[in-house]
Amino acid sequence: MTHYSAVKPPQAADDWTIPQEWDRYGADEHAMWDHLFERQTRMLPGRVAPAFLEGLDILRLSKPGIPDFTELNIRLMDATGWQVVAVPGLVPDAVFFDHLANRRFVAGRFIRTPEQIDYLEEPDIFHDVFGHVPLLANPVFADYMQAYGRGGRRAGELGAIARLARLYWYTVEFGLIRGADGLQIYGAGIVSSFSESIFALDDPSPNRIAFDLGRVMRTLYRIDDFQQTYFVIDSFEDLLHQTIESDFAPLYRSLQGAPDIGPAAVLDSDRVDHRGTQHYAHSRTVPTKAPA
């Protein structure tokens, strides 16, 4: 996820927002955005959910340079009533959920350096805006994100944020969707990553398993390497319906005491699109961690 408990910087407002200060970006920063944008948009057609590409067009993100949130928000508000707000970095859970519940997406305003071009620990503006925002122009996915934010506020009261974090990870960040011609990517962590955009669909290593809400909430994930399992939704409509029509309180209760499922595990009850070899993961020494 994109948040954690922290101390609010003195320049941030009570809701942790800060001005984007678009006019302070330098030529090198705009050039980095353009390089990343061109690299991703060249390889995503045919691999990404069509709604993502439609969002790029609706929001006119193909305009050169880092997007100005003021201009972007005019088009995004017109499409779905959402807006993007700048924050100084990762924010507390309660702040994150409240913004989503009110159709505001928090985005970091810094952009990666050339040394971080293929990996950085904290999400930058390219991950947050290019990865996440195009789908916020899709009415169904936009409603899902708001429902998730509302669910997050309740999860905090029920002590179940760790469970809900796994839903975000395996859908919003690293989700696959069943398209007319096969599996496609839609998760922001994939679509903003050149290498994972290829790995998630083409590599034989990871599992690709049909989405199941309770299963996802029990499954650990990798925080600093490619995923060992990707979950596949049938449609954004189905994902939204499962979210708004499920009573999460009894679901959380039913999962209390249930053992976590490893990120590479395949259960007998799973509907498996592809059982991975896990060759990539076995060749690495990166530890598996539970969500914070």
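Inter-residue side-chain proximity for H241 and S246 is flagged as unmet; no heavy-atom pair is nearer than 4.5 Å. Looking only at side-chain heavy atoms (C-beta outward), Y25 and Q20 come within less than 4.5 Å of each other. Counting heavy atoms from C-beta outward, V133 and L76 have side chains that approach closer than 4.5 Å. The closest side-chain heavy-atom distance from M32 to D28 is not below 4.5 Å. When side chains are defined from C-beta on, L136 counts as touching F105, because their heavy atoms get closer than 4.5 Å. At least one side-chain heavy atom of Q40 sits less than 4.5 Å from a side-chain heavy atom of S197. Residues P206 and R208 form a side-chain contact, since some pair of their non-hydrogen atoms from C-beta on lies under 4.5 Å apart.
Between M43 atom CE and E38 atom CD the span is 11.5 Å, to the nearest 0.5 Å. Atoms CD1 and CZ, on I111 and F130 in that order, are 11.5 Å from each other to the nearest 0.5 Å. Here the straight-line distance linking atom NE2 of H274 with atom CG of L183 works out to 10.5 Å at 0.5 Å rounding. In this structure, CG in D128 is found 8.0 Å from CZ in F110, a value given to the nearest 0.5 Å. The CD1 atom of I209 sits 4.5 Å away from the OG1 atom of T229 when rounded to the nearest 0.5 Å. Taking CD1 of I244 as the reference point, atom CD of Q146 lies at 10.5 Å (rounded to 0.5 Å).
Counting only residues at least two apart or on different chains, the ring-ring contact (aromatic ring centres under 6.0 Å, His included) pairs with a member in residues 177-206 are Y186-F236, F199-F226, F199-Y280.
Considering only residues two or more places apart in sequence or on other chains, Y252 meets the ring-ring contact (aromatic ring centres under 6.0 Å, His included) condition with F248. For the side chain to side chain contact (heavy atoms under 4.5 Å, CB included) test, residues two or more places apart in sequence or in another chain that qualify with R153 are F97, D98, A101, N102, R150. For Q83, the side chain to side chain contact (heavy atoms under 4.5 Å, CB included) criterion is met by N73, M77, V85, R104, not counting sequence neighbours.
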>> Using salt bridge (charged side-chain N to carboxylate O under 4.0 Å, His left out), reason through R275 and D270 one step at a time and then give a plain yes or no.
In response: CA-CA 10 Å; R275 183 183 291 264; D270 288 336; over 6 Å; no
>> Go through it in stages, so that I can follow the logic: the residues are S205 and Q278, the test is side-chain contact (heavy atoms from CB on, under 4.5 Å), and I'd like the CA-CA distance, side-chain angles, deciding distance and then a yes or no.
In response: CA-CA 4 Å; S205 295; Q278 301 300 328; 5.7 Å; no
> Would T219 and R166 count as a side-chain contact (heavy atoms from CB on, under 4.5 Å) if you check the C-alpha gap in whole Å, the side-chain angles of each, and the deciding distance to 0.1 Å?
Replying inline: CA-CA 7 Å; T219 306; R166 296 171 185 178; 5.6 Å; no
>> Determine whether E29 and W33 satisfy the following criterion, side-chain contact (heavy atoms from CB on, under 4.5 Å), listing intermediate values before the conclusion.
In response: CA-CA 6 Å; E29 292 171 306; W33 172 280; over 6 Å; no
> Can you list the steps and then say if F96 with Y168 is a ring pair (Phe, Tyr, Trp, His ring centres under 6.0 Å)?
Replying inline: CA-CA 12 Å; F96 181 76; Y168 189 93; 5.6 Å; yes
>> Could you go through R109 and D124, starting from their C-alpha distance and side-chain angles, then the distance that decides it, and tell me whether this counts as salt bridge (charged side-chain N to carboxylate O under 4.0 Å, His left out)?
In response: CA-CA 7 Å; R109 64 181 180 181; D124 70 342; over 6 Å; no
> Where do L167 and F211 land on the side-chain contact (heavy atoms from CB on, under 4.5 Å) test, with the steps shown first?
Replying inline: CA-CA 10 Å; L167 175 61; F211 177 85; 3.7 Å; yes
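Judged purely by distance below 3.5 Å, without hydrogens or angles, the side chains of H127 and S192 pair a donor atom with an acceptor atom. With hydrogens and angles left out, the side-chain atoms of Q228 and R222 include a donor and acceptor closer than 3.5 Å. W169 and Q227 share a side-chain donor-acceptor pair at under 3.5 Å. E196 and Y230 share a side-chain donor-acceptor pair at under 3.5 Å. Using modelled atom types and a 3.5 Å distance limit, the side chains of T171 and Y144 yield a donor-acceptor pair.
Heavy-atom neighbours of D202 CG from other residues, nucleotides or ligands within 6.0 Å: above the threshold of 12.
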Donor-acceptor contacts under 3.5 Å from residues 174-182 side chains, at least two apart:
| unit_1 | atom_1 | unit_2 | atom_2 | d |
| --- | --- | --- | --- | --- |
| R178 | NE | D234 | OD1 | 3.1 |
| R178 | NH1 | D273 | OD1 | 3.3 |
| R178 | NH1 | D273 | OD2 | 2.6 |
| R178 | NH2 | D273 | OD1 | 3.3 |

Donor-acceptor contacts under 3.5 Å from residues 52-71 side chains, at least two apart:
| unit_1 | atom_1 | unit_2 | atom_2 | d |
| --- | --- | --- | --- | --- |
| K63 | NZ | E71 | OE1 | 3.0 |
| D68 | OD1 | T70 | N | 2.9 |

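Put simply, the side chain of H99 gets close to the backbone of D15: a donor and an acceptor are under 3.5 Å apart. Of the possible polar contacts, one joining the N207 side chain to the G276 backbone as a donor-acceptor pair under 3.5 Å is found.
One hydrophobic cluster, built from ILVMFWY side chains closer than 4.5 Å, cannot hold both I18 and V129; they sit in different ones. Linking Ile, Leu, Val, Met, Phe, Trp and Tyr residues whenever their side-chain heavy atoms come within less than 4.5 Å leaves F231 and L267 in two separate clusters. Side-chain heavy atoms closer than 4.5 Å link hydrophobic residues (I, L, V, M, F, W, Y) into clusters, and following such links, possibly through other members, connects L239 to L213. No continuous path of hydrophobic side-chain contacts links W82 to I74 [ILVMFWY only; heavy atoms under 4.5 Å].
Using a 4.0 Å cut-off between charged side-chain N and carboxylate O, R103 and D143 make a salt bridge. Using a 4.0 Å cut-off between charged nitrogen and carboxylate oxygen, R218 and D212 do not count as a salt-bridge pair.
Closest non-hydrogen pair, I261 versus R215, comes out as CG2-NH1, 3.5 Å. Considering all non-hydrogen atoms of both residues, S235 and D238 come closest at OG-N, 3.0 Å. Smallest separation of non-hydrogen atoms from A107 and V84: CB-CG1, 3.7 Å.
Checked against a 6.0 Å centroid threshold, the rings of H30 and W22 count as neighbours.
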